[in-house]
Amino acid sequence: MNTELLHVALQQSFCPDANLRVPAERTIKNLKHIPGASKMLLEIASEKQVQYEVRQAAAIQMKNLCRACWTERTSFMGTTIDGNDATRQVVLSEDDKDFVRVNLVGALLSEPEKSMQDLMAETLHSIAIHDFPTKWPTLLPTLLQAVALSNDSSQALRVHNALLALRKVCKRYEFKPREHRGPLNEIVSQSFPLLLPLAQRLCDPNENSVEAAMMLKQILKIFWSATQFYLPGDAGGNGSSPSLQNPQGMQPWFEVLQRSLAKPLPDDIQPKSLDQRNAWPWWKVKKWASQIMTRLFSRYGIASYAEDEAKDFAAYFSQNVAPQFLGPVCETLNLRASGQFCTDRVVCFPTICLSPEDIELFENDPHEFVHRQNSPLADFYDPRMSAITLITNIVKHRGKDVTPRLLAFLQDNLQRYATSSNETKNPKEKDGTLLVLGSLAEILFSKKKYSSEVEGLLVSSVFPDFVSPAGFLRSRACWM
């Protein structure tokens, strides 16, 4: 097998003629047994002159091969899982691994196609899980060297792809306990001095290019991964955290988040269609800024709830940082009220309401609808649950300020539905309103001043929905 023959096999795997396609698929399936297969796949995937579909197929096979054959599988006890001759795992040779480590980063940095970027970045992530930093010490310096070229506009592609790769490396340690975050602390200490001035430049109000938004989005995702459970500590690994000891050190990042959320997006620079606007990178930037801000509020908004070592930081955050976000948040939430566009991922209530796809699923496959609505994994992938969690945290921690206004908003929704004609009723809005009320039931019923009010709402607004013509409202009434 050589690169040319493998290229032919990948090309024929798309052929409608079974006489050509089946042998090609068999060859691809057995690639793990062919020495140098990972080298050839990477060469094909990174060659821009090759047909795009073939390059993509090569990248997919390379990702799968590296994920399955990079290292020996081990049990929970740390012992190697052996099999018989037919099932024994194939592990790539050290020569193949060296070639991939040396050439994968270069191929990714120069790759212009998004799907190829994602495939190569995922391959890099699966390798970094096993090899970084011990067996891949050149990875971080190579990525930072590319990021350092950010002042050169001709290097925008390489900078973005380096940030994409850096986020994948940080993601390797995203959920690690404190004692295993040493490499992440080293990444932060080396990369954040480069990332901060770049982020400050990218969130400038006059910077509206899509390339800038894509880079800023990756920087915010890196910040998210690096601060998932703890603020970054020192590279020495002694458990101390300069950010907690000196909260002002985080202030420039807070300003980046604030400016990202407050950045004006004039209508004339946005895409025209709704789908394109929702996918527009600048709205993705605002989404990530909102997500980071929400987590910071949840963790440090009330100093008494923070961990002992974070109380000083939480006190600084609640007194000096949280008020800075109030203006941008209110301005963002007011966009729709003033007739301007705002993506559902930034505004809570529209995210909570059912989408047309949800309603179609309910009508065509109600069992799957109920399964998705009650999945224990929904907290991890469903933005609706993230919005509910945000509202619940706000009511829990800022109840005196928020609850009366929230109940007034929900009552207005229910009253509008009750007084509207059948043609103008909005059952999706009512379903979202009832979801919020039901999610807050435990908190509201524990307060005497709200319990009777909520009971009245249940009688007047929930009971009638047991015979509602909208099936999903009957389901919501049962849930309530």
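Residue numbers run from 1 in the order of the sequence given. This structure is a prediction, so every number in the text was calculated from the model and none was measured.
A salt bridge links Lys168 with Glu122: the distance from a Lys NZ or Arg NE/NH1/NH2 to an Asp or Glu carboxylate oxygen falls below 4.0 Å. Using a cutoff of 4.0 Å between basic side-chain nitrogens and carboxylate oxygens, Asp152 and Arg158 are not scored as salt-bridged. Salt-bridge annotation for Lys39 and Asp95: present, with a side-chain N of the basic residue lying under 4.0 Å from a carboxylate O of the acidic one. A salt bridge links Glu25 with Arg21: the distance from a Lys NZ or Arg NE/NH1/NH2 to an Asp or Glu carboxylate oxygen falls below 4.0 Å.
Every residue two or more places apart in sequence or in another chain was checked for a ring pair (Phe, Tyr, Trp, His ring centres under 6.0 Å) with Tyr316, and none qualifies. For Phe132, there are no ring pair (Phe, Tyr, Trp, His ring centres under 6.0 Å) partners at least two apart in sequence or on another chain. For Phe229, the ring pair (Phe, Tyr, Trp, His ring centres under 6.0 Å) test picks out Phe175, with sequence neighbours left out.
Pairs passing the ring pair (Phe, Tyr, Trp, His ring centres under 6.0 Å) check and including a residue from residues 183-205, sequence neighbours excluded, read Phe192-Trp253. Within the structure, salt bridge (Lys or Arg N to Asp or Glu O under 4.0 Å) pairs that include any residue of residues 129-144 comprise Arg101-Asp131 (at least two apart or interchain).
A donor-acceptor pair shorter than 3.5 Å cannot be found between the side chains of Gln56 and Gln61. Ser153 and Gln155 form no side-chain donor-acceptor contact under 3.5 Å, judged by distance and modelled atom types alone. A side-chain donor from one of Trp283 and Gln270 sits under 3.5 Å from a side-chain acceptor of the other. Checked by atom type, the side-chain pair Gln228/Arg295 shows a donor-acceptor distance below 3.5 Å. For the residue pair Asp118/Ser115, the side-chain donor-acceptor check at 3.5 Å is not satisfied.
Using a distance-only test at 3.5 Å, with no hydrogens or angles considered, a donor-acceptor pair links the side chain of Asp358 to the main chain of Ser355. Here the side chain of Asp365 pairs no donor or acceptor atom with the backbone of Leu361 at under 3.5 angstrom. Ser209 places a side-chain N or O within 3.5 Å of a backbone atom of Ala212 that can act as its donor or acceptor partner. The backbone N or O of Gly471 sits nowhere less than 3.5 Å from a side-chain atom of Ser475 that would complete a donor-acceptor pair. When atom types are taken as modelled, the side chain of Lys286 and the backbone of Lys263 share a donor-acceptor pair closer than 3.5 angstrom. At distances below 3.5 Å, at least one donor-acceptor pair connects side-chain atoms of Glu47 with backbone N or O atoms of Gln49. Checking side-chain atoms of Asn30 against main-chain N and O of His33 turns up no donor-acceptor pair under 3.5 Å.
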Using the rule given for side chain to side chain contact (heavy atoms under 4.5 Å, CB included), can you reason through Leu216 versus Ser260, listing the C-alpha separation, both sets of side-chain angles and the distance that settles it, and then say yes or no? CA-CA 9 Å; Leu216 183 55; Ser260 298; 3.8 Å; yes
Let me see the working for Glu111 and Lys48 under side chain to side chain contact (heavy atoms under 4.5 Å, CB included), right down to the final yes or no. CA-CA 9 Å; Glu111 179 54 56; Lys48 307 298 189 297; 3.8 Å; yes
Residues Arg259, Asp204; criterion side chain to side chain contact (heavy atoms under 4.5 Å, CB included); working and verdict: CA-CA 8 Å; Arg259 291 170 62 187; Asp204 184 274; 4.2 Å; yes
Check step by step if ring pair (Phe, Tyr, Trp, His ring centres under 6.0 Å) holds for Phe297 and Phe317. CA-CA 8 Å; Phe297 267 103; Phe317 178 85; 5.6 Å; yes
Intermediate values then yes/no, side chain to side chain contact (heavy atoms under 4.5 Å, CB included), Phe99 and Asp96: CA-CA 5 Å; Phe99 181 90; Asp96 284 3; 5.8 Å; no
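For CD of Glu207, the number of neighbouring non-hydrogen atoms (other residues, nucleotides, ligands) closer than 6.0 Å is greater than 12. Within a 6.0 Å radius of CD in Glu4, no more than 12 heavy atoms belonging to other residues, nucleotides or ligands are found. For Lys32, the NZ atom sits in a loose shell: 12 or fewer heavy atoms of surrounding residues, nucleotides or ligands are nearer than 6.0 Å.
Taking CG of Leu166 as the start and CG of Asn161 as the end, the distance is 12.5 Å to the nearest 0.5 Å. For the atom pair Arg172 CZ and His180 NE2, the distance stands at 10.0 Å (nearest 0.5 Å). One finds the CE atom of Met215 at 10.0 Å from the CG atom of Leu157 (value rounded to the nearest 0.5 Å). Between Arg167 atom CZ and Trp224 atom CH2 the span is 9.5 Å, to the nearest 0.5 Å. Between the OG atom in Ser46 and the CE atom in Met120 there is a gap of 6.0 Å [rounded to 0.5 Å]. Rounding to the nearest 0.5 angstrom, the gap separating the CG atom in Leu119 from the CD atom in Glu113 is 11.5 Å.
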Give the table of side-chain donor-acceptor pairs shorter than 3.5 Å for residues 7-15, with sequence neighbours excluded, one pair per line with atom names and distance.
residue: Gln11; atom: NE2; partner: Gln51; partner atom: OE1; Å: 3.3
residue: Ser13; atom: OG; partner: Leu10; partner atom: O; Å: 2.5

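Counting heavy atoms from C-beta outward, Lys171 and Glu174 have side chains that approach closer than 4.5 Å. Residues Val91 and Trp70 fail the side-chain proximity criterion, which asks for heavy atoms closer than 4.5 Å. Residues Arg55 and Met116 have side chains in contact (heavy-atom distance under 4.5 Å, counting atoms from C-beta outward). With contacts defined as side-chain heavy-atom distances shorter than 4.5 Å, the pair Val370/Phe362 does not qualify. Put simply, the side chain of Ser38 reaches to within 4.5 Å of the side chain of Val100, judged on heavy atoms. Side-chain contact check for Leu124 versus Val169: some heavy-atom pair is nearer than 4.5 Å. Considering only heavy atoms from C-beta on, Leu41 comes within 4.5 Å of Leu6 through its side chain. Residues Ser150 and Arg201 have side chains in contact (heavy-atom distance under 4.5 Å, counting atoms from C-beta outward).
Both the sub-6.0 Å distance and the 45° axial angle are not jointly satisfied by Arg181 relative to the ring of Tyr173. In this structure, Lys217 forms no cation-pi arrangement with Trp288, as its terminal cationic atom is not both closer than 6.0 Å to the ring centre and no more than 45° off the ring axis. In this structure, Arg476 satisfies the cation-pi test against Trp479, with its NZ or CZ atom closer than 6.0 Å to the six-membered ring centre and inside 45 degrees of the ring normal.
When all heavy atoms are compared, the tightest approach of Ala310 to Tyr300 is CB-CE2, 3.9 Å. Scanning both residues, Met1 and Ile34, for their nearest heavy atoms gives CB-CG2, 3.9 Å. Contact between Ala213 and Val285 at its shortest, heavy atoms only, is O-CG2, 3.4 Å. Minimum interatomic distance between Leu195 and Ile219 (heavy atoms only, all atoms of both residues): O-CD1, 4.0 Å. Summarising the geometry of Leu220 relative to Ile292, their closest heavy-atom pair is O-CD1, 3.4 Å, with the distance given to 0.1 Å. Across all non-hydrogen atoms, the minimal contact from Leu184 to Ser225 is CD2-O, 4.3 Å.
Aromatic ring orientation, Phe254 versus Phe313: tilted (interplanar angle from 30° to 60°).
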